[in-house]
Amino acid sequence: MTRDKYKEQFATAVAAAFRQVYPDIYRDVGDADIFNSDTVYSSLEKPKDARMGRFTLPVFRYARILKDNPLDIAARVAEESNRLLQVSGQPHLVRVSGVSGFLNAEIDCTLMARETISEILARGSSYGTTDLGKGKTILVEYSSPNIAKPFGVGHLRTTIIGNSLRRIFKKLGYNVVGINYPGDWGTQFGKMIVAYRKWGAEETLGENAVKRLLELYVRYHEEAEKNPSLDEQARQAFKKLEDGDTEAVRLWEQFKKISHAEFDRIYEQLGVEFDLVIGESFFNDKMDTIIQRLQGDGLTRVSDGALIVDLDDPNLPPAMLRKADGATLYITRDLAGMVYRWDKYRFHESLYVVGSAQSDHFKQCLMVIDKMETAEGLPPEKRMTGKVKHIGFGWVRFGQKTMSTRQGNIIFLEDVISRAVSLATEIIHKKNPDLKAIDETARMIGVGAVIFSQLSVRRQKDVNFVWEEVLNFEGETGPYLQYTHARLCSLLRNYPGKISPNVDYALLDHEEERRVVELLADFPGAICDAVKQYEPYLITSYLLRLASSLSSFHLRMASTAAFNF
Ligand code: ARG
């Protein structure tokens, strides 16, 4: 990772000052803690109030080891740092100030403006990127909806977060494989086949076919309550499907086709892409191999007729590979899939963007893989353990509504997107009726709002989807960012000349301009953090800060008569 030279110079000066001010303690503890510039570098924080400085080092946590009080530490170390700076002349750093237990960095804003803006002009849209991912393959699995069930909002977040991670990694030069792993296998297909034969008909599957399938699924569950023999029929139907019965397979293929047509429509609207679509059923003939491998490693045992792997975590149930009736499970397919992905790609990392509700499932998978690789004594370079990661996230809440596919009260993603677009259309008609291309603009705003809503909180937190908030042009929303972006584009379009890097940067000396420049300089760091934490939110929240700094800048400019944009 590239290092920030402002932080570097600050950390060097401050660590040296600590050594000067506290020589006895330095002699005792050595080059650890604040005496080491790397430690200082990584302990730097952003001050809550941007006016306090570019970054800050809180010294409270060192009070005990330095046997001094924080206010005095900050004052002494600041003074010594400034003395050292005068001697060594670090160009980017002007002064260190000690304020209430914090060491704040005051930097040369003109120099920062010159360096940052010239770099942006020189690098254009590659500004902020590095070649971090060169030569590395990263797998990102996301979306993975279930066949014969509608694409509900439950799969919105994985789709958006995963697609965003795919784009971020691509930008950093990784070889990214975006994987969709639809749920196209399991006992529910037995139920669907029974329901379809009893109550369905080919012609009902035209328009809105997925909704018809959902109706069949709901009806099945209602009727099965009254008539338990249906479940036995469903079991037999699934068995037939597993045995490759032509008619059962034909129906299953038909369900898949209907579902994929719907999924593709949604992906297209959301601009979501995959490099590989590989459903659960792909692993049907690959499970024996992993089962035998685990048996060969001595890791399995039979319990009540089922084949299981015991795990060394008291909080996790054993991993069940095969039920007593011989049926394999979701986890068996995932284990086969992990081995398949590793053998095929020898990835640098393989990510599973799946809701946190499945975190125990992934813990189980990863423990089984670890046990297997350990039992086989594989050398580190042949092991995928540590490279496979579950990227979890919280729920999306739409008011108080609880969702259950079985009862049919599910919110269709397609309906959410159309509602967003029609609300955006209404807003435009009200606010800007003369706009050209209203439909196209409304689509961009509506879809953008839905996408942004999923990235606007940290992924582990739940999202509360409230229409008025998501489409608010003034709040922290997608439309607000789009608006800021459109405004900047128009500014560029209307600027008559070519932007020259030979500018008197010292003129950018007001607080509002400094803030914009600082934020522009922060962009590479925001990308870096987003990648480290698999957290697109760090980019969206960064963009909101940037947009708000631009709006303050704009307000100031608008109040100076000479400038009008
Ligand atoms: N189809 C599953 C569901 O909708 C998600 C699959 C997640 N990916 C995986 N490799 N298990 O719940």
Side-chain angles (χ1 to χ4, degrees), residues 138-163 165-166 177-189 191-192 210 213-214 217 252 255-256 258-260 262-264 266-267 272 274-284 286-287 290 316 319-321 328-345 347 349-369 384 387-396 402-406 410-413 454 459 534:
I138 193 157
L139 273 49
V140 189
E141 188 213 286
Y142 49 99
S143 199
S144 309
N146 296 317
I147 301 293
K149 292 190 190 168
F151 200 125
V153 286
H155 284 88
L156 175 58
R157 219 159 162 207
T158 161
T159 307
I160 299 302
I161 294 178
N163 193 58
L165 288 174
R166 174 180 181 270
V177 188
I179 303 178
N180 193 358
Y181 177 71
D184 62 357
W185 203 251
T187 47
Q188 75 271 25
F189 288 98
K191 298 177 186 173
M192 282 309 300
V210 174
L213 289 184
L214 176 67
Y217 193 70
W252 174 69
F255 300 152
K256 278 208 297 186
I258 293 170
S259 297
H260 276 294
E262 188 205 35
F263 299 163
D264 289 346
I266 291 174
Y267 295 142
V272 167
F274 300 95
D275 306 289
L276 182 69
V277 180
I278 190 170
E280 285 187 44
S281 65
F282 178 81
F283 295 98
N284 282 347
K286 295 175 181 60
M287 281 178 287
I290 175 87
L316 288 178
M320 191 184 288
L321 303 177
T328 51
L329 295 101
Y330 179 53
I331 192 168
T332 329
R333 285 186 281 283
D334 254 328
L335 289 168
M338 285 181 182
V339 172
Y340 173 84
R341 292 178 195 188
W342 176 238
D343 288 347
K344 182 158 173 196
Y345 295 102
F347 46 72
E349 275 182 350
S350 171
L351 311 177
Y352 289 79
V353 183
V354 182
S356 296
Q358 293 197 29
S359 76
D360 276 358
H361 165 77
F362 283 101
K363 277 189 201 145
Q364 287 180 302
C365 289
L366 298 184
M367 284 188 106
V368 172
I369 298 286
M384 66 173 124
K387 301 187 170 83
V388 183
K389 293 179 184 162
H390 172 213
I391 308 301
F393 54 84
W395 300 96
V396 180
T402 53
M403 278 171 257
S404 147
T405 318
R406 287 187 183 200
I410 179 162
I411 301 174
F412 297 91
L413 185 49
Q454 301 306 302
R459 59 181 163 79
Y534 311 101

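We count ligands from 1, going down the list as the structure has it; atoms in each ligand are counted the same way.
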*Just heavy atoms, cut-off under 4.0 Å: does Phe362 contact ligand 1 by side chain, backbone, both, or neither?*
side chain
_Taking Glu349 first and then Lys387, would you say they form a salt bridge - that is, a charged N and a carboxylate O separated by under 4.0 Å?_
no
*asked:* Tell me if the aromatic rings of Tyr340 and Phe282 count as close, with their centers under 6.0 Å from one another.
replied: yes
*Between Phe263 and Tyr267, what is the ring plane arrangement, given parallel below 30°, perpendicular above 60°, and tilted in between?*
tilted
Atoms in ligand 1 flagged as close to [X], the criterion being non-hydrogen separation under 4.0 Å:
| X | value |
| --- | --- |
| Asn146 | 1 (N), 2 (C), 3 (C), 4 (O) |
| Tyr352 | 10 (N) |
| Asp334 | 9 (C), 10 (N), 11 (N) |
| His155 | 3 (C), 4 (O) |

*Okay, side chain of Thr158, backbone of Val353: is any donor-acceptor separation there less than 3.5 Å?*
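Judged by distance alone, yes, a pair lies under 3.5 Å.
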*In the protein, which heavy atom is nearest to atom 6 (C) of ligand 1, and how far is it?*
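Closest protein heavy atom to atom 6 (C) of ligand 1: Tyr330 OH, 3.2 Å.
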_Identity and separation of the nearest protein heavy atom to atom 8 (N) of ligand 1_ = Glu141 OE2, 2.8 Å
*Does Phe283 have Arg341 sitting over its ring (NZ/CZ under 6.0 Å from centre, angle to axis within 45°)?*
no
*Could you walk me through whether Phe274 and Tyr142 pass the ring pair (Phe, Tyr, Trp, His ring centres under 6.0 Å) check?*
CA-CA 9 Å; Phe274 300 95; Tyr142 49 99; 4.8 Å; yes
*Min heavy-atom dist Gln358 to ligand 1 below 4.0 Å*: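 Distance cut 4.0 Å: Gln358 passes for ligand 1.
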